[in-house]
Amino acid sequence: MRRAVVLLMSAQGQTVKDITTLMQVGEDYVRDVSHAFSERGFDALDPKWSAGRPRTISEEVREHICLIARTSPAGVAMDCAGSYTMRAHRSGSSSRRNGR
């Protein structure tokens with residue numbers, strides 16, 4: 001959307017300085033959008049960037065993780081003596097440090 005507005009402003013005769021001030025973008029961005037439109041036409045409005053690095057887990061594993069995250073702990077049949085707390089963690093750490 002922002003690319004289209006930059007191009008529209010440019011077509012209306014706005015200067016690069018005016019566009020950067022109004023759109024809060026850099027001069028390089030305005031020039032890059034303008035040059036890309038000149039080279040590729042309307043395809044330049046949708047750059048189709050890929051975001052970030054490739055996934056390291058499969059879709060199956062991701063679905064399993066999401067399922068676990070949505071599951072209520074009360075709904076899981078597990079025999080637990082208690083719950084994990086930072087206090088329990090600290091007391092367990094201190095007893096190991098004291099040789100207990």
Nearest-0.5 Å distance that lies between atom CD1 in Ile57 and atom CD in Glu63: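 It is 10.5 Å, given to the nearest 0.5 Å.
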Measure from the side-chain N and O atoms of [X] to the backbone N and O of [Y], and report whether any donor-acceptor pair falls under 3.5 Å.
X     : Y     : result
Gln24 : Thr21 : yes
Ser10 : Val6  : no
Thr71 : Leu67 : yes

Within a radius of less than 6.0 Å around CD of Glu59, do more than 12 heavy atoms belonging to other residues, nucleotides or ligands occur?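 Result for CD/Glu59: enclosed.
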Is there a side-chain contact between [X] and [Y], using heavy atoms and a 4.5 Å cut-off?
X     : Y     : answer
Asp18 : Met9  : no
Tyr29 : Arg2  : yes
Val33 : Val25 : no

Do Val61 and Ile68 sit in one hydrophobic cluster, given that two such residues count as connected whenever their side-chain heavy atoms are within less than 4.5 Å of each other, even indirectly?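 No, no single cluster joins them.
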Quick check on the hydrophobic clustering: are Leu8 and Leu45 connected, directly or via other members, by side-chain heavy-atom contacts under 4.5 Å?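 Shared cluster, no.
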